[in-house]
Amino acid sequence: MATRAMLRAFSKPTFPCRTSQYLSLASVSRSASTLVLAEHEAGSIRAPSVSAVVAANVLSKDNSISVLLGGSGPSLQEAATHAASCHPSVSQVLVADSDKFTHPLAEPWAKLVHLVQQRGDYSHIIAPSGSFGKNILPRAAALLDVSPITDVIEIAESDLFVRPIYAGNALCTVRYTGANPCMLTIRSTSFPVPPTLADSKSKEAPISQVDLSTFGEDSIGNSRYINQTSQDTERPDLGNARIVITGGRGLKSAENFKMIEKLAEKLGAAVGATRAAVDAGFVPNDLQVGQTGKIVAPELYMAFGVSGAIQHLAGMRDSKVIVAVNKDADAPIFQVADYGLVGDLFEVIPELLEKVPERK
């Protein structure tokens with residue numbers, strides 16, 4: 001009985017969507033030109049970087065958009081080919097082929113952005129608001145002596161932007177009055193890639209090599225890459241998953257958190273966690289959802305044992321449908337949930353595992 005309402009939700013083929021956050025452009029500069037810092041993996045442009053191209057296209061329909069890639073080897077060339085056709089508004093792809101850019105260290109990448117900007121004189125530089133963009137853009141902005149605008153969720157004009165403040169409880173409209181370039185990080189969840197575009201082949205833009213002859217060894221800086229670890233799982237990526245199932249401190253232990261993972265596997269969903277669950281050692285910190293973790297906006301977000309702290313809500317409040325299960329009827333998570341169930345997690349989750357049909 002406790003899970004009957006949620007079981008009905010799984011039988012629906014689609015989920016309702018909230019109103020789009022885009023604003024139309026009344027007037028923009030015709031001379032706009034944008035450089036998009038793109039991250040690639042396994043020979044493809046990552047989805048947040050394609051969203052950055054979508055955001056650049058919102059600046060102006062006549063915008064000249066260049067995509068900058070860095071790295072080395074065959075995967076870089078494959079990614080360049082993908083970038084050239086990832087969106088019809090891409091004008092050119094710039095490739096910096098060097099081992100210095102294989103890993104996104106801030107020092108060499110910031111120098112690269114500075115070099116490309118000096119040659120291209122772009123009006124805007126955009127990066128996705130993830131670890132890649134947040135690491136590189138502030139340092140590059142310092143080299144260019146401009147102030148970046150972070151976490152942009154709406155573009156009203158070429159110099160007018162909206163970003164969340166106070167953990168998403170208020171929106172701030174910012175007008176950029178500095179010199180070129182205007183540097184932005186954008187929340188990819190606010191600039192989704194249209195499904196028709198993701199499934200279609202756009203015309204291919206020309207690919208050019210960045211001249212690195214003046215790029216000295218002193219550009220590398222003091223940081224160096226050690227290693228990168230990631231979970232070996234077939235679950236969808238947390239940042240782009242259609243369904244996200246998140247567990248909180250209410251699960252009490254890492255062993256109990258495995259129930260969330262089993263439910264996610266059954267539904268083909270990604271697994272998320274609150275900061276409290278991560279700090280308690282239930283799961284690795286790359287699964288954290290929130291202001292200090294990943295920002296997600298899936299079609300269905302299920303929260304088990306999540307109280308709904310402000311910093312967590314900032315990372316998932318844009319989800320299309322939010323389902324919350326908590327034994328505390330006064331938990332703040334119920335204030336943003338579309339469906340709520342007050343119940344014991346250790347009764348509700350096993351019942352869901354038993355009755356929810358598997359999705360492929």
_Pairing residues for E78 by the salt bridge (Lys or Arg N to Asp or Glu O under 4.0 Å) criterion, not counting sequence neighbours_ = none
*asked:* So, using ring pair (Phe, Tyr, Trp, His ring centres under 6.0 Å) as the criterion, who are the partners of H103 when residues are at least two apart?
replied: Y225
*Do any N or O atoms from the side chain of E39 and from the backbone of S49 form a donor-acceptor pair under 3.5 angstrom?*
no
*Is E299 salt-bridged to K320, cutoff N-O under 4.0 Å?*
no
*Decide yes or no on side-chain contact (heavy atoms from CB on, under 4.5 Å) for L144 and M183, but give the supporting numbers first.*
CA-CA 10 Å; L144 292 167; M183 303 186 75; 3.9 Å; yes
Exercise answer: donor-acceptor pairs, residues 304-314 side-chain atoms, under 3.5 Å, sequence neighbours excluded:
unit_1 : atom_1 : unit_2 : atom_2 : d
Q311   : OE1    : Q291   : N      : 3.3
Q311   : OE1    : T292   : OG1    : 3.3
H312   : ND1    : V289   : O      : 3.0
H312   : NE2    : Y301   : OH     : 2.8

*Quick one: list whatever passes side chain to side chain donor-acceptor pair (under 3.5 Å) with S253, sequence neighbours left out.*
N256
*Identify, with sequence neighbours excluded, every residue that meets side chain to side chain donor-acceptor pair (under 3.5 Å) alongside D99.*
S72
_N/O donor-acceptor pair under 3.5 Å between S98 side chain and F101 backbone_ = no
*asked:* If you compare all heavy atoms of G71 against all heavy atoms of L76, which two are closest, and at what distance to 0.1 Å?
replied: O-CD2, 3.3 Å
*Is it true that a side-chain atom of R163 and a backbone atom of T150 form a donor plus acceptor pair closer than 3.5 Å?*
yes
*Establish whether I295 and V283 are linked, either directly or via other cluster members, by ILVMFWY side-chain heavy-atom contacts under 4.5 Å.*
no
_Applying salt bridge (Lys or Arg N to Asp or Glu O under 4.0 Å), can you list everything that pairs with K258, at least two apart in sequence or on another chain?_
E255
*asked:* Could you check whether any side-chain N or O of N63 sits under 3.5 Å from a backbone N or O of A56, counting only pairs where one atom can act as donor and the other as acceptor?
replied: yes
*Anything under 30° is parallel, anything over 60° is perpendicular, the rest tilted; go ahead and classify F161 against H124.*
perpendicular
*asked:* Test of understanding: with side chain to side chain donor-acceptor pair (under 3.5 Å), list the residues that count as partners of R249, not counting sequence neighbours.
replied: none
*asked:* Set out, in order, the CA-CA distance, both residues' side-chain angles and the distance that settles side-chain contact (heavy atoms from CB on, under 4.5 Å) for K294 and Q288, then state yes or no.
replied: CA-CA 6 Å; K294 293 184 178 179; Q288 182 180 330; over 6 Å; no
*So, N57 side chain and S89 main chain: donor-acceptor pair closer than 3.5 Å or not?*
no
*Check for a donor-acceptor pair, side chain of S319 on one end and backbone N or O of V321 on the other, with a separation under 3.5 Å.*
no
_Exam field: side chain T81 to backbone Q77, donor-acceptor pair closer than 3.5 Å_ = yes
*asked:* Give me the atom names and distance for the closest heavy-atom approach of F215 to L115.
replied: CD1-CD2, 4.2 Å
*Same cluster for L353 and L300 if Ile/Leu/Val/Met/Phe/Trp/Tyr side chains link at under 4.5 Å?*
yes
*Between E107 and K111, is a salt bridge (Lys or Arg N to Asp or Glu O under 4.0 Å) present by the stated rule, with each step listed?*
CA-CA 6 Å; E107 291 92 338; K111 286 282 188 180; over 6 Å; no
*Does CZ in R275 sit with more than 12 non-hydrogen atoms of other residues, nucleotides or ligands closer than 6.0 Å?*
no
_From L94 atom CG to D97 atom CG, the distance as rounded to the nearest 0.5 Å_ = 13.0 Å
If you look only at distance, which donor and acceptor atoms sit under 3.5 Å apart when one is on a side chain in residues 125-141 and the other is two or more places apart or in another chain?
unit_1 : atom_1 : unit_2 : atom_2 : d
S129   : OG     : D151   : OD1    : 2.4
N135   : ND2    : P104   : O      : 2.8

*State yes or no: do V174 and Y176 share one hydrophobic cluster built from I, L, V, M, F, W and Y residues joined by side-chain heavy-atom distances below 4.5 Å, directly or via other members?*
yes
*asked:* Side-chain heavy atoms nearer than 4.5 Å, only ILVMFWY residues, links allowed to pass through others: does that put I153 and L160 together?
replied: no
*Looking at side-chain heavy atoms only, is the closest gap between L59 and T34 below 4.5 Å?*
yes
*Kindly write out the residues that satisfy side chain to side chain donor-acceptor pair (under 3.5 Å) with S213, not counting sequence neighbours, or none if the list is empty.*
D211
*Least distance between heavy atoms, K266 atom then L352 atom*: NZ-O, 4.4 Å
*asked:* Within the 4.5 Å heavy-atom criterion, are V36 and L68 side-chain neighbours or not?
replied: no
*What pair of heavy atoms forms the shortest contact from V146 to N180, and how long is it?*
CG1-O, 4.2 Å
*Quick one: do F346 and F282 end up in the same hydrophobic cluster if we chain Ile, Leu, Val, Met, Phe, Trp and Tyr together by side-chain heavy atoms under 4.5 Å apart?*
yes
*Which atom of L69 lies closest to which atom of W109, heavy atoms considered*: C-CH2, 4.1 Å
*Going through the checks in order, is the side-chain contact (heavy atoms from CB on, under 4.5 Å) test met by T246 and M316?*
CA-CA 10 Å; T246 293; M316 46 67 70; over 6 Å; no
*asked:* What I want to check is whether the side chains of S66 and Q92 have a donor and an acceptor closer together than 3.5 Å.
replied: yes
_Worked verdict on I245 versus V271 for side-chain contact (heavy atoms from CB on, under 4.5 Å)_ = CA-CA 5 Å; I245 301 179; V271 173; 5.7 Å; no
*asked:* Side-chain heavy atoms under 4.5 Å apart, restricted to Ile/Leu/Val/Met/Phe/Trp/Tyr: what other residues fall into the cluster of I165, or is it alone?
replied: Y166
_Closest non-hydrogen atom pair between V90 and C86, with its separation_ = CG2-SG, 4.1 Å
*Does R317 reach the side chain of N169, with side-chain heavy atoms less than 4.5 Å apart?*
yes
*Do Y122 and V116 come close enough that some side-chain heavy atom pair is under 4.5 Å?*
yes
*asked:* Checking E354 now: which residues fulfil salt bridge (Lys or Arg N to Asp or Glu O under 4.0 Å) with it, not counting sequence neighbours?
replied: none
*asked:* The criterion is salt bridge (Lys or Arg N to Asp or Glu O under 4.0 Å); which residues satisfy it with D159, sequence neighbours excluded?
replied: R175
_Measuring only between side-chain heavy atoms, which start at C-beta, is S51 closer than 4.5 Å to R187?_
no
